[in-house]
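Remarks on the structure that follows.
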Amino acid sequence: MAAKLSIQCDWDQVLRKAEGEAWISCKVAGKPSIYGNLKCQGISADGNPELTSSDEFVVHEITKKSITVSCPGQNISGKFLSPYTSFSRVHSKNVTCLDISCGGALGVSTSTDQSMKIWQTNNGEIRRILEGHVHDVYCCMFFPSGKVVLSGGMDAQVKIWSVDDGSCPVTLRGHKGGILDLAIVDRGRNVVTCSRDGTARLWDCGQAACISVVNNSSVPINAIALGAVDNAVNLGSPKEAPSDREIGTEGKLLILAREDKMLEGVSLQSRDSVFIFEGSDVFNCCTFISSVGLLAGGQDGNIFHLDVRNPKTPVETICRTGSPVLSLVPFRDGYIASHGEGSCFIAQDFDQVLQLTGPDCEPVYRVAAWEKFVYTCCRDGIIRKYQLSDL
């Protein structure tokens, strides 16, 4: 595990008070953790606190929402960003999934309060409550148009909703277990779902029908990712001519993050298995970062960076914390990863790392990014919004 700096979750509030004090720590694998504190000695003319730190730590920069600190003895530095704003009234319990519309104005989220809601990203005001699933809704996402939402739940149903009026004109039935993840093919004539029942299915939204069971095993598929891949990847050829209801599946690779520690790549059009990679623990999430690059996160905290042209050996294995990787999304030239102990990292160029603060050791279940904003949802019931424009 790489060396990791951590800071008190509410540092930005505490350090703006006279004599305010926040803890900071440095953890290096195989060594005792180093603990220290930061203390506010007053507020400068530009409105930022003037800080002193324990001997082991150095404060390099502090702005309204960010702080850069190093631990010279361990040759490690870290930048931390606090939320731009938070929405605590969208849901009353754990917020388990969220997505942001293509224009950035709307969010959709699900919760263990058994609700799914559409809300305004500027102020958290609720626009629609989407009712129709039985029990918890596990996953949700906007279609590329931003006018339609796709969702899946414990009830094994996949539903398609109108953002305008909250109606549900289409329900897709066929899975035998809870729906764990969703993917939209191109503009959304077809969608792909995965389930606890061990299957991934390709659906025709217009006819509300299952076109094909893309993958069938007895092992739960925890997450999927769909991407157009480099021509060097052999995706095989369909054994029969594809249905005319199948739109945009050519050249697409479907990644299955499985409960049995296996990561499988399946050609969406031919349904052929392209590769299987064995990880070190249960896979929880996966995402494409390019036409050849893929990330997959495990229960043990490992993030595997694979090249789909040669997926047997990882390009690199990243482990910043031993806590489960719960969400991975591409962002600019890197990615964002959230973890089960509340940490959330933005890695740019796979080197420079920014840590999002706020959750107090509570799992961050999902991350969504839109332009300069990053949104997270957490077990503490809070949706946090971070602004990256000044970094």
Side-chain angles (χ1 to χ4, degrees), residues 1-15 22-28 38 48-49 51 53 57-72 74-86 98 100 104 285 287 289 293 295 297 301-303 305 316 318-323 325-378 382-391:
M1 189 174 76
K4 181 193 173 193
L5 281 176
S6 301
I7 197 169
Q8 188 170 316
C9 63
D10 58 350
W11 66 268
D12 57 317
Q13 298 161 46
V14 172
L15 294 178
W23 62 261
I24 186 163
S25 70
C26 178
K27 184 175 180 62
V28 180
L38 309 175
N48 291 317
L51 303 178
S53 63
F57 298 93
V58 177
V59 178
H60 296 275
E61 181 188 27
I62 183 164
T63 66
K64 189 176 179 184
K65 292 292 180 184
S66 71
I67 186 170
T68 305
V69 186
S70 69
C71 180
Q74 301 299 327
N75 194 28
I76 178 176
S77 66
K79 189 166 190 173
F80 301 90
L81 183 69
S82 64
Y84 171 73
T85 189
S86 297
L98 89 167
I100 304 300
C285 51
T287 188
I289 51 171
L295 299 177
N302 280 335
I303 299 172
H305 177 196
E316 63 176 328
I318 306 145
C319 189
R320 294 195 177 84
T321 164
S323 177
V325 188
L326 301 181
S327 178
L328 286 166
V329 296
F331 185 72
R332 297 182 181 171
D333 295 325
Y335 65 94
I336 310 173
S338 73
H339 292 264
E341 33 69 290
S343 62
C344 189
F345 301 95
I346 299 179
Q348 294 170 297
D349 300 322
F350 284 83
D351 185 23
Q352 184 184 358
V353 175
L354 172 70
Q355 191 168 332
L356 306 181
T357 61
D360 186 7
C361 300
E362 299 271 16
V364 177
Y365 292 118
R366 195 63 68 101
V367 179
W370 183 80
E371 293 192 350
K372 64 183 179 182
F373 293 107
V374 172
Y375 299 79
T376 64
C377 64
C378 184
I382 298 174
I383 295 168
R384 293 177 174 87
K385 178 180 181 179
Y386 301 83
Q387 183 173 339
L388 280 81
S389 56
D390 57 344
L391 297 173

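Bear in mind that the values here come from a model prediction, so they are computed numbers and not experimental data.
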From [atom1] ([X]) to [atom2] ([Y]), nearest 0.5 Å:
X: S25; Y: L5; atom1: OG; atom2: CG; answer: 7.5 Å
X: L38; Y: F57; atom1: CG; atom2: CZ; answer: 8.0 Å
X: L354; Y: T68; atom1: CG; atom2: OG1; answer: 8.5 Å
X: I336; Y: F345; atom1: CD1; atom2: CZ; answer: 12.5 Å
X: I67; Y: D12; atom1: CD1; atom2: CG; answer: 9.5 Å
X: R366; Y: T376; atom1: CZ; atom2: OG1; answer: 12.5 Å

Point to revise | Member of V69, V59, I24 meeting the side-chain contact (heavy atoms from CB on, under 4.5 Å) criterion with S53 | key: V59
Verify, without hydrogens or angle tests, whether [X] (side chain) and [Y] (backbone) share a donor-acceptor contact under 3.5 angstrom.
X: S338; Y: V364; answer: yes
X: Y365; Y: L98; answer: no
X: K385; Y: P83; answer: no
X: H339; Y: S323; answer: yes
X: T357; Y: L81; answer: yes
X: E316; Y: H305; answer: no

Practice item. Would you sort out whether V14 and Q8 count as a side chain to side chain contact (heavy atoms under 4.5 Å, CB included), showing the intermediate values? Key: CA-CA 9 Å; V14 172; Q8 188 170 316; 3.6 Å; yes
Exercise for review: Could you tell me whether K4 and E341 make a salt bridge, using a distance below 4.0 angstrom between a side-chain N and a carboxylate O?
Suggested key: yes
**Study point:** side chain to side chain contact (heavy atoms under 4.5 Å, CB included) evaluation trace for I100 with Y375
**Key:** CA-CA 8 Å; I100 304 300; Y375 299 79; 3.6 Å; yes
Would a 4.5 Å heavy-atom cut-off, applied to side chains only, mark [X] and [Y] as touching?
X: Q13; Y: S82; value: no
X: K79; Y: S66; value: yes
X: L388; Y: I346; value: yes
X: Q355; Y: I7; value: no

For a quick test of reading the model, state the closest non-hydrogen atom pair linking [X] to [Y] and the distance between them.
X: S327; Y: C285; result: N-SG, 3.7 Å
X: R332; Y: E371; result: NH2-O, 4.1 Å
X: G297; Y: V325; result: CA-CB, 3.8 Å

Exercise for review: Please state whether the rings of Y84 and F373 are parallel, tilted or perpendicular, taking 30° and 60° as the class boundaries.
Suggested key: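 The rings of Y84 and F373 sit tilted, inter-plane angle from 30° to 60°.
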Review point. Are more than 12 heavy atoms from other residues, nucleotides or ligands located less than 6.0 Å from atom CZ of F331?
Key: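 Buried by this count: over 12 neighbours within 6.0 Å.
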